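Only a predicted model underlies this, so the values are computations on that prediction, with no experimental measurement involved. Numbers here are sequence positions counted from 1.
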Amino acid sequence: MAAGALPVLAFPAPSLWWFAYVALVPWIALIRSAPAWKRAAYDGWWGGFGFMLAMHHWLLPSLHVFTFLIAALLGALWAPWGMLVHRFLAGTPTGGRVAAALVVLPSAWLAIELVRSWQGLGGPWGMLGASQWQVEPALRLASVGGVWLLSFLVVAVNIAMAVLVSVRASRIPAVAGLVATAVAASAAWVWSPRPDVDGEARIAVVQPGIVDGSASGDRRFDREEQLTRRLAGQDLDLIVWGESSVGFDLGRRPDLAQRIGALSRETGADILVNVDARRSDKPGIYKSSVLIGPDGLTHGRYDKMRLVPFGEYVPARSLLGWATSVGKAAGEDRMRGTEQVIVNAGHGLTVGPMVCFETAFPDMSRHLADDGADVLIAQSSTSTFQHSWAPEQHASLAALRAAETGRPFVHATLTGVSAVYGPAGQRLGPWLGTDASAAGVYEVPLAHGITPYVRFGDWPVHAALLIIAAWCAAEGVRTLRFRRPAPEPHIPPARTVRGSPARPGR
């Protein structure tokens with residue numbers, strides 16, 4: 001369990017990105033030394049449990065025992081991976097087994113990440129490749145194959161390192177694997193296209209900070225209004241508020257819409273707010289990105305589609321509804337939007353809004369870029385986890401989404417960390433940390449063109465599944481050959497003294 005938890009140190013807040021390339025080595029060494037495949041599966045499960053618990057430890061104050069249940073459920077995905085590690089690396093693996101391991105084991109890891117990327121299982125939080133969010137060469141590779149390609153690369157390096165340090169007789173194929181991985185990654189890095197920067201936008205992020213106590217919704221709005229008013233005269237193209245920045249439905253509170261419209265007139269920029277309230281025009285509570293211009297509400301609205309399990313809805317509430325009595329699970333399920341939208345923010349600027357947890361899903365930002373968004377925007381709030389690693393982890397995801405799509409990314413939060421990244425994933429300006437109550441203005445370079453990842457999608461995942469299928473087919477053929485009964489020996493017919501074959505009965 002401790003060995004499986006080690007990779008978390010490569011993610012924010014520690015951000016020891018280089019550690020990701022050796023973090024799996026103790027876990028792999030433990031699995032390969034297992035006496036049998038059952039023990040290897042057991043070690044894979046416990047390591048996966050440790051990894052998931054470490055990645056989501058900040059959920060403990062909110063979900064309590066459910067955090068352990070979720071970690072155990074997701075950790076089970078690594079049991080087959082443990083069996084594969086043992087199959088390829090136990091004992092003294094040959095060069096062929098090491099070569100196959102460098103392809104099959106990272107593919108199996110991608111299959112695990114694919115399964116747990118399902119929103120019902122919590123989504124793709126903590127994908128191993130996401131640990132490389134601040135490494136420029138890695139971000140370039142992300143534009144080719146997304147975070148999936150980075151995960152494959154990191155696991156392949158860990159496999160080679162594990163063989164290098166634990167199997168003396170197999171060091172030559174391990175070194176050859178490292179060299180091959182480096183050559184392939186370098187070739188992709190050289191070939192990957194750079195975003196064509198052809199413009200600039202001035203975008204402001206408003207972060208009110210912690211506002212607690214009675215009437216917190218009204219007081220938060222007042223603080224956001226004060227910070228936004230200070231932006232007047234700064235020639236802005238867009239102002240972004242964080243998730244749940246407006247706690248009232250604007251149809252029921254036209255006074256708030258009018259106040260935001262007045263701010264838009266003062267600053268000369270449309271304002272993208274986020275409404276977390278029961279709708280007046282349809283049943284249920286929605287989290288919606290809403291664009292407000294000088295004349296009030298515009299037609300720009302996006303309703304959040306992918307909700308946080310337990311935080312915004314309880315899966316199978318009839319069975320798990322009791323979670324609300326032991327933790328801070330949602331007392332009422334939020335409603336889901338039905339489609340992603342592109343919003344025209346004026347000044348010739350189109351934006352693709354997402355809300356909070358949705359930045360973990362690479363397909364959402366890819367679709368928005370493909371649909372023509374100039375800027376990707378996420379409105380978020382991690383105030384419940386203010387003093388944990390969650391705010392930094394969440395802010396780092398925007399760098400990967402920017403690099404994958406070749407589009408700048410604005411990550412605006414209520415209480416930090418707010419961050420802005422350029423179209424290559426590079427950080428623009430300072431972060432607004434969890435202790436800040438401020439408004440920041442960012443010069444955001446605009447880029448167009450289509451990255452290979454946007455064009456071809458999750459091709460590393462498809463390739464990984466094909467590799468696994470091919471290996472399974474080869475194993476099946478090998479097993480059939482091993483089990484096929486040996487043919488009976490051919491006995492030539494007896495011959496007579498004269499040399500003619502003997503006839504039956506003579």
Side-chain angles (χ1 to χ4, degrees), residues 3-11 16-32 40 43-44 47-48 50-52 54-55 74-75 77-89 93 97-117 124 126-133 135 137-138 141-142 144-167 170 173-185 188 362 400 458-468 471:
L6 288 176
V8 76
L9 299 177
F11 293 83
L16 304 177
W17 64 266
W18 52 267
F19 186 61
Y21 294 95
V22 295
L24 300 180
V25 171
W27 187 9
I28 294 170
L30 179 68
I31 293 174
R32 67 169 295 274
D43 291 339
F51 181 38
M52 289 292 93
M55 283 302 307
L74 296 177
L77 295 173
W78 275 273
W81 189 77
M83 293 163 57
L84 281 176
V85 170
H86 189 265
R87 165 68 178 80
F88 282 103
L89 302 182
R97 281 169 60 191
V98 172
L102 290 171
V103 178
V104 176
L105 295 181
S107 297
W109 188 283
L110 257 61
I112 295 170
E113 293 196 336
L114 175 65
V115 172
R116 71 183 187 89
S117 292
M127 294 175 71
L128 196 56
S131 63
Q132 305 303 294
W133 66 276
V135 184
L141 289 178
V144 177
V147 68
W148 307 102
L149 184 58
L150 299 184
S151 289
F152 188 99
L153 173 67
V154 170
V155 176
V157 172
N158 272 277
I159 296 297
M161 292 297 295
V163 174
L164 189 64
V165 301
S166 61
V167 189
S170 302
V175 171
L178 285 173
V179 172
T181 302
V183 170
L400 284 163
D458 300 329
W459 65 264
V461 179
H462 302 151
L465 296 178
L466 287 175
I467 289 170
I468 294 171
W471 178 79

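No donor-acceptor pair closer than 3.5 Å links the side chain of S170 to the backbone N or O of V167. Side chain of W81 to backbone of L105: a donor-acceptor contact under 3.5 angstrom is found. In terms of modelled atom types and a separation under 3.5 Å, the side chain of R32 and the main chain of H86 share no donor-acceptor contact.
W27 has its side chain out of reach of N158: every pair of non-hydrogen atoms, C-beta onward, lies at least 4.5 Å apart. Within the 4.5 Å cutoff, the side chain of W148 has no heavy atoms near those of the P124 side chain. The side-chain heavy atoms of R116 and L77, taken from C-beta on, include a pair separated by under 4.5 Å. Between M161 and I28 there is no side-chain heavy-atom pair separated by less than 4.5 Å. Using a 4.5 Å heavy-atom threshold, the side chains of L110 and P460 count as touching.
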Hey, mind stepping through V144 and W459 against side-chain contact (heavy atoms from CB on, under 4.5 Å) and telling me if it holds?
CA-CA 9 Å; V144 177; W459 65 264; 4.0 Å; yes

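A centroid separation of less than 6.0 Å is found between the aromatic rings of W78 and F51.
Each of L114, V147, V154, L400 was compared with M127 under the side chain to side chain contact (heavy atoms under 4.5 Å, CB included) criterion, and only V147 meets it.
One distance of note links OG of S117 with CD1 of I112; it measures 11.5 Å at 0.5 Å rounding. For the atom pair CG of L153 and CG of L128, the computed distance is 10.0 Å after rounding to the nearest 0.5 Å. Between F88 atom CZ and M83 atom CE the span is 12.0 Å, to the nearest 0.5 Å.
Residues A188 and L141 approach most closely at CB-CD2, 3.5 Å, considering heavy atoms. Shown here for F11 and G126, the closest heavy-atom pair between the two residues is CZ-O, 3.8 Å. Of all non-hydrogen atoms in G82 and I31, the two that sit nearest each other are O-CG2, 3.2 Å. V8 approaches A54 most closely through the heavy-atom pair CG2-O, 3.7 Å. A pairwise comparison of heavy atoms in I159 and A101 identifies CG2-CB, 4.2 Å as the closest pair. The two atoms that bring A156 and L102 nearest to each other are O-CD2, 3.4 Å, heavy atoms only.
Shown here are the ring pair (Phe, Tyr, Trp, His ring centres under 6.0 Å) partners of W17, two or more places apart in sequence or in another chain: there are none.
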Table please: side-chain donor-acceptor pairs of residues 461-468 below 3.5 Å, with sequence neighbours left out.
none

Under 3.5 Å, side-chain donor or acceptor atoms of residues 18-26 against the rest of the protein: list the pairs with distances, not counting sequence neighbours.
unit_1 : atom_1 : unit_2 : atom_2 : d
Y21    : OH     : Q132   : OE1    : 3.0

